[in-house]
Engineer: 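Provided herewith is a single structure, encoded as structure tokens, for subsequent inquiry.
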Amino acid sequence: MASRSDTFDHFHTLAAIRAPRLIVAIGWMIGIAIPLVALALVFVPWVQTAPGRGQVVALDPQDRVQQVTALVPGRVERWYVVDGQQVKQGDPIARIADNDPDLLARLGAERAQVLAQIAATEQAMATARIDVGRSGALFADGLAARRDLEGAQIKVAEHAAKLAEARAKLSRVDIALSRQSAQLVRAPRDGRIQSLNTAAAATLVSAGDWLATLAPENSPRVVELMVDGRDVALVRRGQPVRLHFEGWPAIQFSGWPSVAQGMFDGRVRAIDPSAQGTGLFRVLVEPMPGKPRWPDDNFVRLGSKVRGWIQMETVSVGYELWRQLNDFPLEFPTPVDTGPRKGAGKGLADKAKDGKSAGKDGYGDAAKDGEEAK
């Protein structure tokens, strides 16, 4: 029987065909890369993250964008500011004029009349009290009837009622004057005028109508992230968070935080106990102490969009790929009192087994102690 080499000798073209060196090199590279990738999937660590999107907000409600409204009805007589102007607390924003230009004068005249009425009533009341004392002395000496004494006392009570009514009227007039003195609308705090309701200058405004929008500056900022309900159960206060601010150049590797560039650090401050209307949960993130500061207000303003990754447990790359392919939830954090983590994929069955063993041992110890007590 002819050997294989002898067979190839009869086919000169087939014997001349050899595999190209490039193909051989690629084959060797693939053969070496597959085991290396397999090892990487088993041993290379990966940090699990709970992603979320949100925006930059002010921590103090008084530092958030707020509406400046009219305090009294009327029309805008004059604007003291323009869009984008910097204002201090107490600076005038607009003056509102009442529909009746003589209202303040009329209120002043009415107040003067009420004061005169109060003075007259007080004088009459003092005279009535003198009559009560005089009638009482005469009644004690038997020179006056009881009816005269009671009539004097009734006059004192009537003057007291008139005096109380006049003072109540004076209080109402003072309230009206106080409200009309609030026609000058002032800035509630330092900030910048974001926009003005210029249409209010040509129309009548009521108490509570919007006049201007004030945006405070240099306020403490936090980030609110909207996190899926499947991940929020594993989020705890103090957990580290990696943040990517909109418009800030960054390269993100959620599983390898040390490789990422242009990212900023934060930590979980609070988690809402109930979901928003979209079904997502709000997580507040504050700056991480000891880490680089967040970008300045000129680069990251209130309302800027943010993407965040809340860092969870560290697992292997292979386990993370297997979890995402099967759409499983994140790894549940290991309790502190159970010691160091032994593996990336300890399942619920192993944990249940450990709990069963612990319960069995505890029951045996309790039974043993009972026998000794007997």
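Predicted model, so just to flag it, every value in this text is computed and none were measured.
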Engineer: If you take all heavy atoms of Val317 and Pro45, which pair is closest and at what distance?
Structural biologist: CG2-O, 4.2 Å
Engineer: What pair of heavy atoms forms the shortest contact from Val87 to Ala187, and how long is it?
Structural biologist: CG2-CB, 4.1 Å
Engineer: Does some side-chain heavy atom of Leu284 sit less than 4.5 Å from a side-chain heavy atom of Val268?
Structural biologist: no
Engineer: Can any side-chain N or O of Gln252 pair as donor or acceptor with the backbone N or O of His244 at less than 3.5 Å?
Structural biologist: no
Engineer: Are Met312 and Leu225 linked, directly or through other ILVMFWY residues, by side chains that come within less than 4.5 angstrom of each other?
Structural biologist: yes
Engineer: Evaluate the side-chain proximity of Leu280 to Val227: yes if any heavy-atom separation is below 4.5 Å, no if none is.
Structural biologist: no
Engineer: With clusters built from Ile, Leu, Val, Met, Phe, Trp and Tyr whose side-chain heavy atoms come within less than 4.5 Å, directly or transitively, what are the remaining members of the cluster of Trp309, listed by chain and number?
Structural biologist: Met263
Engineer: Kindly work out whether a path of hydrophobic side-chain contacts (I/L/V/M/F/W/Y, heavy atoms less than 4.5 Å apart) joins Val44 to Ile32.
Structural biologist: no
Engineer: Are Met288 and Pro240 packed together at the side-chain level, in the sense that at least one heavy-atom pair is separated by less than 4.5 angstrom?
Structural biologist: yes
Engineer: Same cluster or not: Phe332 versus Phe281, using hydrophobic residues (I, L, V, M, F, W, Y) connected whenever any side-chain heavy atoms lie under 4.5 Å apart?
Structural biologist: yes
Engineer: Taking Glu246 first and then Arg301, would you say they form a salt bridge - that is, a charged N and a carboxylate O separated by under 4.0 Å?
Structural biologist: no
Engineer: Roughly how far, to the nearest 0.5 Å, is the OH atom of Tyr80 from the CD1 atom of Ile193?
Structural biologist: 14.0 Å
Engineer: Kindly give the heavy-atom pair with the smallest separation between Glu320 and Gln48, and that separation in Å.
Structural biologist: OE1-NE2, 2.9 Å
Engineer: Verify the distance criterion only: is there a donor paired with an acceptor across the side chains of Gln67 and Thr213 at less than 3.5 Å?
Structural biologist: yes
Engineer: To the nearest 0.5 Å, what is the distance between OG1 (Thr69) and CG (Asp209)?
Structural biologist: 8.5 Å
Engineer: What's the verdict on salt bridge (charged side-chain N to carboxylate O under 4.0 Å, His left out) for Asp91 and Arg186, showing C-alpha distance, side-chain angles and the deciding distance?
Structural biologist: CA-CA 5 Å; Asp91 288 349; Arg186 299 180 180 274; over 6 Å; no
Engineer: Looking at Val81 and Pro92, what are the two nearest heavy atoms and their distance?
Structural biologist: CG1-O, 3.7 Å
Engineer: Work out which heavy atom in Pro295 is nearest to a heavy atom in Arg221; give both atom names and the distance.
Structural biologist: O-NH2, 2.8 Å
Engineer: Rounded to the nearest 0.5 Å, how far apart are OG of Ser316 and CH2 of Trp46?
Structural biologist: 11.5 Å
Engineer: How long is the span from the CD1 atom in Ile26 to the CG atom in Leu22, to the nearest 0.5 Å?
Structural biologist: 4.0 Å
Engineer: As an exercise, state the distance from CD1 of Ile34 to CE of Met29, rounded to the nearest 0.5 Å.
Structural biologist: 12.0 Å
Engineer: Taking NZ, NE, NH1 and NH2 as the nitrogens, is one of them in Arg269 or Glu286 under 4.0 Å from a carboxylate oxygen of the other?
Structural biologist: yes
Engineer: Output yes when a side-chain donor or acceptor of Thr121 lies under 3.5 Å from a complementary backbone atom of Gln117, and no otherwise.
Structural biologist: yes
Engineer: With a 6.0 Å cut-off (strictly less than), is the heavy-atom count around CD of Gln276, excluding the residue itself, greater than 12?
Structural biologist: yes
Engineer: Would you check if the side chain of Asp296 reaches a backbone N or O of Asn298 as a donor-acceptor pair within less than 3.5 Å?
Structural biologist: yes
Engineer: With sequence neighbours left out, what residues match Asp190 under salt bridge (Lys or Arg N to Asp or Glu O under 4.0 Å)?
Structural biologist: none
Engineer: Dump the intermediate steps for ring pair (Phe, Tyr, Trp, His ring centres under 6.0 Å) on Trp248 and Phe264, then the final yes or no.
Structural biologist: CA-CA 10 Å; Trp248 192 268; Phe264 293 88; 5.6 Å; yes
Engineer: May I ask you to check whether over 12 heavy atoms, not counting those of Phe253, lie within 6.0 Å of atom CZ?
Structural biologist: no
Engineer: Are there over 12 heavy-atom neighbours, none belonging to Trp256, within less than 6.0 Å of that residue's CH2?
Structural biologist: no
Engineer: For Ser219 and Asp297, run side chain to side chain contact (heavy atoms under 4.5 Å, CB included): C-alpha distance rounded to whole Å, both residues' side-chain angles, the deciding distance at 0.1 Å, then the answer.
Structural biologist: CA-CA 9 Å; Ser219 58; Asp297 293 344; over 6 Å; no
Engineer: Grouping I, L, V, M, F, W and Y whenever their side-chain heavy atoms are under 4.5 Å apart, do Leu214 and Val205 come out in a common cluster?
Structural biologist: yes
Engineer: Please check this pair: side chain of Trp294 against backbone of Asp265, looking for a donor-acceptor N/O pair closer than 3.5 Å.
Structural biologist: yes
Engineer: Counting N and O atoms only, with roles assigned by atom type, does the side chain of Gln85 sit under 3.5 Å from a partner on the main chain of Val82, one being a donor and the other an acceptor?
Structural biologist: yes
Engineer: For Leu211 and Val76, what are the C-alpha separation, side-chain angles and deciding distance, and is it a side chain to side chain contact (heavy atoms under 4.5 Å, CB included)?
Structural biologist: CA-CA 9 Å; Leu211 296 178; Val76 178; 4.0 Å; yes
Engineer: Test Arg323 against Leu325 for side chain to side chain contact (heavy atoms under 4.5 Å, CB included), laying out the working first.
Structural biologist: CA-CA 6 Å; Arg323 181 190 71 84; Leu325 288 175; over 6 Å; no
Engineer: Testing the basics here: between Gln62 and Gln66, what is the closest heavy-atom pair and its distance to 0.1 Å?
Structural biologist: O-NE2, 2.9 Å
Engineer: Quick test of your reading of the model: are Glu165 and Lys162 salt-bridged, counting only N-O distances below 4.0 Å?
Structural biologist: no
Engineer: Quick one: do Arg189 and Asp63 make a salt bridge, cutoff under 4.0 Å?
Structural biologist: yes
Engineer: Answer yes or no: is there an ion pair linking Asp327 with Arg230, defined by an N-O contact shorter than 4.0 Å?
Structural biologist: yes
Engineer: To the nearest 0.5 Å, what is the distance between CG (Leu196) and CD (Gln194)?
Structural biologist: 10.5 Å
Engineer: Which is it for Arg53 and Met226 under the side chain to side chain contact (heavy atoms under 4.5 Å, CB included) test, yes or no, and what are the steps along the way?
Structural biologist: CA-CA 5 Å; Arg53 293 178 178 269; Met226 297 300 172; 5.8 Å; no
Engineer: Is a donor from one side chain sitting under 3.5 angstrom from an acceptor on the other, for Gln239 and Gln311?
Structural biologist: no
Engineer: Can you tell which of Leu234, Val283, Asp231, Thr49 makes a side chain to side chain contact (heavy atoms under 4.5 Å, CB included) with Ile310?
Structural biologist: Val283
Engineer: Is the CG atom of Leu36 crowded by more than 12 outside heavy atoms at less than 6.0 Å?
Structural biologist: yes
Engineer: Measuring centre to centre across the rings, with the benzene-like ring taken for any Trp, is Phe328 within less than 6.0 Å of Trp322?
Structural biologist: yes
Engineer: Cluster question for you: counting only ILVMFWY and a side-chain heavy-atom cut-off of under 4.5 Å, with indirect links fine, are Ile271 and Leu243 together?
Structural biologist: yes
Engineer: If you count the non-hydrogen atoms of other residues, nucleotides and ligands that lie under 6.0 Å from CD in Gln324, is the total more than 12?
Structural biologist: yes
